[in-house]
Structure formats: C-alpha cells, structure tokens
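What you see is a predicted model; the values in this text were computed from it and never measured. Protein chains get the first letters and strands the later ones, always in sequence-line order, with residue 1 at the start of each.
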Amino acid sequence: MDTGESVRITLRSIRAHKLRSALTVVGVVIGIASVITFATFGASVEAEIVGDIETSNAGNIYVFGTPSGDDDFDRTLQPVFTEYDIQQLEGITGVQAVLPRGTVQTQSVRHGDQTLARQQVTAIRPASINDGVLVDGRSFETDEEAVVVNERMARSFSENLTTGERLTMTMPDGGERNVTVVGVVNGTRGEVPVSEFARQPRVYVPIDPFYDSVVESPSAGVRQRAYPQVTLVVDPRAIPETQSAIQTYLSGNSDARSLSADDTELVARSGNDFVEEISDVIERITRFVTGIAVIALVVGAIGIANVMLVSVTERTREIGIMKAVGARNRDVMQVFLVEAALLGTIGSLLGVPLGLLVGYGATRYAEVTFSLAPLWMALAVAVGVLVGVVAGLYPAWRAARVDPIDALRHE
Amino acid sequence: MSESANTTVRVEGVSKQYDLGGTVTALDDVSLDLSAGSYTAVMGPSGSGKSTLLNLIGGLDTPSSGQVVVNGQDVSAASEAERADIRGTEVGFVFQTFNLMPRLSAVENVALPLVFDGWDRARRRERSVSLLSEVGLADRTDHVPSELSGGQRQRVAIARALSTDPALILADEPTGNVDTDTGAQILDLFDDLHAAGNTFLLVTHERHVAERAERIVHVEDGHIQSVEDVSGGQD
Ligand SMILES: Nc1ncnc2c1ncn2[C@@H]1O[C@H](COP(=O)(O)OP(=O)(O)O)[C@@H](O)[C@H]1O
Ligand SMILES: [Mg+2]
C-alpha cells in the first residue's frame, strides 16, 4: 500500500493519543539527547584543546614525573629537575630552549584595596613569555621585581589590571613584595600545557628572584634550584628523535631520576601525545555515555513496543475493517510499523535539539567554544527510527495476524 | 441450477464447524448459486448461520469443507493474500454496524479499498467523491463518521463497497442499526444499485426486508430450508 496513506492513518492515530504518544517517546528522547549532548560536548572540547596544541605547541616537549605511569594527568609536583638537569637538556641536539617552571607560594595578591587569596603564582624564565602570548606590554627580565598576568587575572580585580600598575604579593612568612605589572598574556595560548585549560587566573614571576626551591644536586654536588615541571622547545623537524633523546637522559643519570621515588616515572611528552591522550579520554567518556544512551534507548524501545501492543488491541476492529476491504497482512504490518517508526522519529527529532541545548550549556559552563557533531546528529536520527522499527516489529506482526472475523466482532 | 457463464457465486456443499470446546456446526452442506445481476436475501433466525455463509462467500473465512467460487475464483482454495485481494476487488461488504475507520473522513473511508488496490491518490479521491454524490453525500465528503447520522454512515459504507466496482455486494443486516424510515431509504438505494446492474446478497432476519429481493433463501440451523421466489419483487 502507498506509504503516504499509512503515514496519514498513523498520524491520525498518534494525534488521537497525544499524551500517550508523548510519554512513549520520552525514553527515546532521553537516549538521543544524551548521545547528542556528549557528542557535542566532546567534539567541542576536542576541537578546542586539539586546536590549541596543534597551532602553537606541536614542537613543545613537556617533562614531568608521574606516579602511576600510564596517566599523564596525574603528576607529582616534586621539584626534582635541577639546574644541572636543565643544562644537560640544553645540550641535547634539537633542543632549542628549556623553560623550567615552578610554583611560588603566596598568601594573597593585592591590587589597590582589593585582596585575592590563594592565587596561583608561577615562576618561569623570561623567554617563556614571547610575542605570541603577549596581548599587552612585555615580558619581565631576570632579577626584575616585575610580574606578567594573564587576562583572567587582569579581570579578577574590579578595576582591570593594566600594564604599569602595582601589585602586592603577601608571602607565606607574612612579608610583602611590591611588583610592577609589565605585561598581560592570553591564557589560552603559550607553552604551558594542561594547567592552562582550566583558565584560572595566573600571575607569572621571574625565577630570579622569586623562586627558591633548592635541593642538593647529586651530580653537581652543590645546592641549586629545582623545578617540578620543564617544557622544552624543540626543532619541529626532529620531534621524535629529540623526544627520545630527552627521555633517555631522564631515565638514565639525571638528577631528577636520583631525586624521584623509584615508582615515579619521568616522562617527556610532546604536544601530539597530549592531543592523543585527550582524544583518548574523550573517546572513553563518549563510549561510556553511549552505553548509558543505549540503555535509555532500550527502555524507549520497550515503551514503544508496549504502547504499540496496546494500540494493536485497541485498533483490532480497524484491522478487521482494513482486512475486509482488501488489506493484505503486509499492509496491516506496514501501518503499525510506520506508527512505531514515526514514534521513534519524533523521539529523535525532539532529542537532537534537546541534546544540542544541553551540550551548548555544557560548553558554556566549561568555557569552550561550541562545535557541532553533524555525523552524530544524523546517526542519532537514524538510530531513533531504527529503535521504533525494531520495537514495532512484534506488535506489527501481531496486528497482521489478527483474524478479520474475530476483529470485526471485537468490542 | 443455472449455467456457469453468468454465475457470479457458486457455493457447493459447504460446511463450517467452529471448535470452542465442543464443535458448533454453523453451516452444514450448503449449496447455492447467485447469477450476475441477481438480488438474493438470506433469511433465518439468529444463530442460523446467515453471517457465516456471507463471510465464507466474501473470503473473510474459509469453509471446513466444500467449495466457494466467486467470479471464477476459488475462494475456498485461495491463499490468505489471494483472499485479501478477492475481498478488496471482487466483493464489497456492508455491515450492520457500518464498520468505518473512525478517524478517516467519509471520502478517505470510501477510498480505503482503492488504497489496497494500488490506486494513486488523485484517482482515489475522484472516484470516492463521485461515489459519495451517487449515494447522496456530496456535501459530507470531509466529515468523520462521528459527525454523521447512522443512515449517512451506512451510505458511506455502501459507497465504499462499490468503490472497486466489485462483482458482488454482501450486506449483513444493513438496516439493523438504523430506524425504519432510514432503513427503507437504504433499501431503496439497494434497489437503484441493483437496477444499475449490481449483484446483491443480503442477510436479514426480517421478512419485510427480505421481500425487497428477487429471491429469499430460508436458512435454519445451518441448512437451507427452502428457496422462495418473491412474486412482484422490485425491478
Ligand atoms: N467465529 C466463531 N466462533 C465460534 N462460533 C461461531 C463463530 N461465528 C459463528 N459462530 C456460531 O455459528 C453459528 C451461526 O452464527 P452466525 O452465522 O453468526 O448466525 P446468524 O448470522 O444467522 O445469526 C452460531 O451458533 C454462532 O454461535
Ligand atoms: Mg449474523
């Protein structure tokens, strides 16, 4: 029979039971919406992070210690990379710059009459701040009583911090240090890897004179500064070789190796490794959420099947009428399959925008740029229709088998 | 009986048993021929097997034994799909309770057999509208059954029965659910359609209804008791 007519008959029947139909598709709506939410959110996060690293940081190698080995996001922040290690790393072929990084403890940061407690203050070399990240001013110089802040920090004060203004840092011992803001950086770019994705307000200070974590270097035999994390800028044409040379040094006779616990692994990761790592995490989350969505869709399918069985019973007489005027079994089957498929389609058509909306909210909350996942949307609609059809198979088969005589006597 | 050339229906030694715990014999060795263009009434008390006979001829059911041939096709030997086609194109049913699709408009109800017969939408509508005006419902085409009176509903059902231009119209107590005047109008419509060449088999338990036919087949307890020619039957 022609599909237009079965759709017409079906739409009349769905319209006659609006509330019931709406409740029936809720399961499908939730399933589809959750897939779309996480597909959209995952795609947005991935596009943003991968984009960041690929555009500016592909030639960076990050060096740090990790206690669990296989998880790059679980790091020890022990200061184990000594000045001696830094010098050795600088000597490796392909290494263009070594940029150590440490945390300076402060009680608070004050600007004018406004005080912010527990701000992250990061000690870095002047070279870590280049024109690529500066939006205003310049980097500090070694020994200068000056700081650079990121835009987020600049906006943290009710009066925006600008270049040339003064900040007061209260140190853990209660002493105060007055510094000049000489530059503002864009927090989303630059050398610092994962810590920046959180987009926390940051103050950057020169290692000299602010950073004072010192250890005795086993190789040099003297006390010198040591850092928990080091970033290396390497020749982009020789990333793999340089990366393995760095790894070899770290695992061999480095101070960091001697100073770290035995079960801590010292790793050198490239920007690409992070891209893969992040993609991996997102994929794992997506798979988990897809699992939940599948459960929701199964529940949705059971709901549709249940309502379809009720519908077949209610419309037994109509089935009899259709058969009396020439409907073959497959015509009757078609009418009910179309109804089930239409319920699935309505469910996914409602689920997609809902998922997009929630996904959009999630990206706003996480402060990442919203990206669409069109393939997932198409897939979701297809799955919705399929769920309907599968759920409708048994009820439609039951409908097709109804005996016309019994059906016409029904009620 | 009459020769097979203009025989529309041939029922040959048909029996029908229903099994419901015990066996109920609804029809027992019934034979009956309907010639093309004839108007026959089947009359008998309730439970005598009238509807069963009509359903077997119309291909809604299959006999336990015997043969039913409609317009040259052996309904009793047909597959389920073939019987569906026979129901759709060779016969038109008119029921006591109208049996219209409740959410389809009059014109869509009339067009339903044409949907299953593979007509396209435009031709379906054209034919259905013209049939509705033939039964006097030109101004009710887009009403759903609940917006129509009993008599109007039965007219829609009659238009539907005519839609595929079947060899035979089967009417089971068509006046049973309408008042006497409306019933008379429906029977008048049957007379007109009979005059126009349609073949009718009408089931009733009322003498005055049966008398509108050319011939009355009296049924009792699943047997044909007698066949009566109605003198002065309608032309
Ligand atoms: N589908 C059925 N299942 C069981 N018994 C039936 C069925 N249809 C008819 N019968 C029985 O067959 C007999 C004849 O029924 P029917 O043909 O409907 O009589 P009528 O139409 O003359 O009132 C009755 O005894 C009825 O109970
Ligand atoms: Mg009956």
[X] and [Y]: which non-hydrogen atoms are nearest, and at how many Å?
{"X": "B:Ala84", "Y": "A:Ala327", "value": "CB-O, 3.6 Å"}
{"X": "A:Ala324", "Y": "B:Phe93", "value": "O-CD1, 3.5 Å"}
{"X": "B:Leu100", "Y": "A:Ile321", "value": "O-CD1, 3.5 Å"}

Of the listed B:Gly58, B:Pro166, B:Gly118, B:Pro113, the one with the largest count of heavy-atom pairs under 4.5 Å with chain A is B:Pro113
Sort out for me which of B:Ala81, B:Gly88, B:Ala161 touches chain A most, counting heavy-atom pairs under 4.5 Å.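 Heavy-atom pairs under 4.5 Å are most numerous for B:Gly88.
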If you count every heavy atom of other residues, nucleotides or ligands that lies below 6.0 Å from B:Phe190 atom CZ, does the total exceed 12? yes
Over 12 non-hydrogen atoms of neighbours within 6.0 angstrom of CD in B:Glu206: yes
So which N and O atoms of chain B and chain A form donor-acceptor pairs under 3.5 Å?
residue, atom, partner, partner atom, Å
B:Glu80, OE2, A:Asn329, ND2, 2.6
B:Asp85, OD1, A:Arg328, NE, 3.1
B:Asp85, OD1, A:Arg328, NH2, 2.8
B:Arg87, NE, A:Lys323, O, 2.7
B:Thr97, OG1, A:Arg317, NH2, 2.8
B:Asn99, OD1, A:Arg317, NE, 3.0
B:Asn99, OD1, A:Arg317, NH2, 2.8
B:Arg103, O, A:Arg12, NH1, 2.9
B:Arg103, NH2, A:Glu318, OE2, 3.0
B:Glu108, OE1, A:Arg12, NH1, 2.7
B:Glu108, OE1, A:Arg12, NH2, 3.4
B:Glu108, OE2, A:Arg12, NH2, 2.9
B:Arg124, NH1, A:Asp2, OD2, 2.8
B:Arg124, NH2, A:Asp2, OD2, 3.4
B:Arg124, NH2, A:Glu5, OE1, 2.9

Part of B:Leu114 lying under 4.5 Å from any heavy atom of chain A: neither
